[in-house]
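What you see is a predicted model; the values in this text were computed from it and never measured. Just so we're on the same page: letters track the sequence lines, and every chain starts at 1. Both backbone and side-chain heavy atoms feed into the values below; hydrogens, waters and symmetry mates do not.
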Amino acid sequence: MTVRVRFAPSPTGYLHIGGARTALYNYLFAKATGGVFVLRIEDTDLERSNAEYEKLQIDDLKWLGITHDEGPDKPNQKYAPYRQSERADIYQKYALELIAKGLAYYDFCTDEELEAMKEKAALEGRDPIYEGKWKDVAFYQEACERISKGEKAAIRFRVPKKSYTLEDKVKGTVVYPENMVGDFVIVRSNGLPVYNFCCVIDDHLMEITHVIRGEDHLNNTVRQLMIYEALGAKTPEFAHVSLLIGHDRQKLSKRHGATSVNLYRNEHYLPEAMCNYLCLLGWSHPTERDIFDKTDIVEVFSLDRFSASPAMYDLEKLKWVNSEHIKKMNNASLIKLIEKEPETEFFRTQDTEWKMSCVELMKKYANFVTDFPKLVNELILNEHPEKTDAFKEILAWETTPKIMAFISQEVEKKSSDFITENELNNWIDQVKKNLGVKGKPLFQGVRAALTGHDHGPDLKFLIPLTPVSVLKNRIVHLRK
RNA sequence: GCUCCCAUCGUCUAGCCCGGUCUAGGACAUCGCCUUUUCACGGCGGUAACAGGGGUUCGAAUCCCCUUGGGAGUACCA
């Protein structure tokens, strides 16, 4: 039996970090088992759903490299359509079937009646469980007549009086007691079916074998178990992954800041890093590796390494993972990415050799691709570096002004575009011999004279990357 | 409230299922030291956790119960 998994987002907003994580787990599981990854759109809530969001979410998924085998954007597929809004007749058919079997019934209650029931229940300290006004099979004939006359009614599922047990891949055995839920609506009075109903029918019809989704669905599952049973359908395996939480330990949501994938995409985070980090929240590598890409992980991915407790989404660690992926990346690809960044004219117009050594040097300090232009501007192109206290302190050493005078004189003499590492070493040697400076005063002095900073990348790599024209202007600025 | 789920360093986690090898391992962050004739690189190291209480057992982070804490669900949303 081939594994078939699905990711089923509602197109009611941007792709969320948490959604991306569940999608990733499904994708990984499909790849690891040679299975099929299905994308299904759960857009039965017409008021909140929006086709634009569907497209945006698919784009974000694609950006992350989480590609589906089946979905609404692919033609001629066996299980189509993949949008719930296009499957209304299917749900209708099954709902009618359940009514015919007495497993569901029409409910003519008005919103006001329902509201009154809820208030009464709240007052009595009970759960607002539907009392079953139209539950009696004796109403069946009457209900059918009213419906055939065009009257509107919701369809409710008749909840069996028994408890249910789920063997969850992550949570273990979960027991849902009898009376946990009241008869619930499966089709709204406007004719549109409801999530718990569609979901089961689709998973059944699409032959989904494993449902990997967020823990927020764990309580829902009992309703779904009931429907599988009523349908006489085989239940898939379930894996309820723990939720992502924010710093306040609440379920991650918009108010925690950057929680949509497109924000990270816009900031040019590396998609591989994003997946790497997301994968690690709630799942652990069998050999405790923490930097990997999808191809590595597919070989070892399994459902038995999930943590059962929620995981806090932490930007600091994401940052680190991203920086590790930058270091891992080859320089040529990195250069391509950097050149797509704004304000990189100078970078783009240099020769390959320059770019290669620049990237090689800067990647040690960059956490994000967007750091490269910043680094280049700050470290290489800045002609007017801020004279920090640390710089002024170095300037106050008695040897520093002498070093500056010498360096300035040497730089002034240069007519080439760049100075070489050898030339730099030469200057350092001369300062050492002629001025008798060595050790910390020497290097700090030379660094201060050339860069205006008290720290930074190795001078022998940094200075040969800096245009002589910049050096000249910078030194004038620094000596003032 | 009710139902379900969860509980190891500040954070992500390994270990738990199959009790001894755990004076609890790794990673991020943080701190310190070393090295590179300077430094934001690199190397090494430190601080830091089994929520509490009862059992079971020769022995419990690991099994059971209770308490506490946290989370989720409780819709004609998904």
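Electrostatic pairing of A:E272 and A:K328 does not count as a salt bridge here, judged by no charged N lying under 4.0 Å from a carboxylate O. Salt-bridge formation is detected for the pair A:D45/A:R48: a Lys NZ or Arg NE/NH1/NH2 atom is positioned less than 4.0 Å from an Asp or Glu carboxylate oxygen.
The separation between A:H217 atom NE2 and B:A72 atom C1' is 11 Å, rounded to whole Å. Rounded to whole Å, atom P of B:C39 lies 11 Å from atom NE2 of A:H455. In this entry the distance linking OH of A:Y313 with P of B:C28 reads 18 Å, nearest Å. The distance between atom CD of A:E167 and atom P of B:C17, rounded to the nearest whole Å, is 18 Å. For A:N322 and B:A29, the CG to P distance is 13 Å, given to the nearest whole Å. In this structure, A:L379 places its CG atom 13 Å from P of B:A40, rounding to the nearest Å. What separates CG of A:L218 from P of B:G71 is a distance of 17 Å, to the nearest Å. Atom C1' of nucleotide B:C41 and atom NZ of A:K363 are separated by 13 Å, given to the nearest angstrom.
Phosphate contact (OP1/OP2 of B:U11, side-chain N/O of A:R249, threshold under 4.0 Å): present. Applying the 4.0 Å criterion to OP1 and OP2 of B:C77, one finds that A:R223 has every side-chain N and O outside that range. The side chain of A:K317 places no N or O atom within less than 4.0 Å of a non-bridging phosphate oxygen (OP1 or OP2) of B:U13. Taking 4.0 angstrom as the limit, A:R305 places a side-chain polar atom (N or O) nearer than this to OP1 or OP2 of B:G15. Between B:C76 and A:R156, a contact under 4.0 Å exists linking OP1 or OP2 to a side-chain N or O. Residue A:T44 places at least one side-chain N or O under 4.0 Å from the OP1 or OP2 atom of B:A78. Phosphate contact (OP1/OP2 of B:G71, side-chain N/O of A:Q250, threshold under 4.0 Å): present. Look at A:T12 and you won't find any side-chain N or O under 4.0 angstrom from OP1 or OP2 of B:A78.
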* Given side chain to side chain donor-acceptor pair (under 3.5 Å), test A:H217 with A:Y195 step by step and report yes or no. => CA-CA 11 Å; A:H217 290 284; A:Y195 166 75; 3.1 Å; yes
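Taking the P atom of each, B:A7 and B:C64 are spaced 12 Å apart, rounded to whole Å. Comparing the C1' positions of B:C65 and B:G73 gives an interatomic distance of 26 Å, to the nearest angstrom. Separating the P atom of B:G20 from that of B:C39 is a span of 48 Å, rounded to the nearest Å. Spacing of C1' atoms, B:C50 relative to B:G25, comes out at 13 Å, to the nearest Å. Comparing B:A40 with B:A29, their P atoms are spaced 15 Å from each other, to the whole Å. Going from the C1' atom of B:U11 to that of B:G70 covers 16 Å, rounded to whole Å. For the C1' atom pair drawn from B:G10 and B:C77, the interatomic distance equals 36 Å after rounding to whole Å. Comparing B:G43 with B:U35, their C1' atoms are spaced 7 Å from each other, to the whole Å.
Here A:K432 lies in heavy-atom contact (under 4.0 Å) with a base. A:L243 comes within 4.0 angstrom of the backbone, heavy atoms only, and of no base. Using a 4.0 Å heavy-atom cutoff across all strands shown, A:C199 reaches no nucleic acid atom at all. Residue A:P457 is in base contact, counting any heavy-atom pair closer than 4.0 Å across all strands shown. Nucleic acid contact for A:V446: none, since no nucleic acid atom lies under 4.0 Å from a heavy atom of the residue. Nucleic acid contact for A:G214: none, since no nucleic acid atom lies under 4.0 Å from a heavy atom of the residue. Here A:D43 lies out of heavy-atom contact (under 4.0 Å) with every strand. Nucleic acid contact class of A:L375 (heavy atoms, under 4.0 Å, all strands): none. A:A154 comes within 4.0 angstrom of a nucleotide base, judged by non-hydrogen atoms across all strands.
The partner of B:A61, taking Watson-Crick or G-U wobble pairs whose two distances both stay under 3.5 Å, does not exist in any strand shown. Across all strands shown, B:C50 forms no Watson-Crick or G-U wobble pair with both distances under 3.5 Å. When Watson-Crick and G-U wobble pairs are counted only if both distances are under 3.5 Å, B:A7 pairs with B:U68. As the counterpart of B:C39, no nucleotide is assigned, since no Watson-Crick or G-U wobble pattern has both distances under 3.5 Å. Partner assigned to B:C22 is none, using Watson-Crick or G-U wobble distances below 3.5 angstrom. Across every strand in view, B:C76 sits unpaired, with no contact that passes the Watson-Crick or G-U test at under 3.5 angstrom.
Looking at A:S189, its side chain comes within 3.5 Å of the base of B:C76 through a donor and an acceptor atom. You won't find any donor-acceptor pair under 3.5 Å spanning the side chain of A:K364 and the base of B:A40, going by distance alone. You'll find a donor-acceptor pair under 3.5 Å spanning the side chain of A:N220 and the base of B:A78, going by distance alone. Judged by distance alone, with hydrogens and angles left aside, A:E288 brings a side-chain donor or acceptor within reach of the base of B:G25, the pair sitting under 3.5 Å.
Nearest-nucleotide assignment on RNA chain B puts the 5′-proximal partner with A:H285, out of A:L459 and A:H285. Nearer the 5' end of RNA chain B, as judged by each residue's closest nucleotide, is the contact made by A:D314, out of A:R48 and A:D314.
Under the 6.0 Å cut-off for aromatic ring centres, A:F157 and A:F184 qualify, their centroids lying closer than that. The ring of A:F347 has its center no closer than 6.0 angstrom to the ring center of A:F372.
The closest donor-acceptor contact from the side chain of A:K363 to the backbone of A:M329 lies under 3.5 Å. With A:N276 contributing its side chain and A:F292 its backbone, the two residues share a donor-acceptor pair below 3.5 Å. In this structure a side-chain-to-backbone donor-acceptor pair under 3.5 Å is present from A:D371 to A:F368.
At a cut-off of 3.5 Å, with distance as the only test, no side-chain donor of A:Y106 or A:E151 sits close to an acceptor on the other residue.
Closest approach to the A:V194 side chain among B:A29, B:U38, B:C77 is made by B:C77 (side chain taken as heavy atoms from C-beta onward). Among B:U3, B:A40, B:C39, the nucleotide with an atom closest to any side-chain atom of A:Q444 is B:C39.
Pairs engaging residues 176-201 of chain A under the salt bridge (Lys or Arg N to Asp or Glu O under 4.0 Å) rule: A:K135-A:D183 [sequence neighbours left out].
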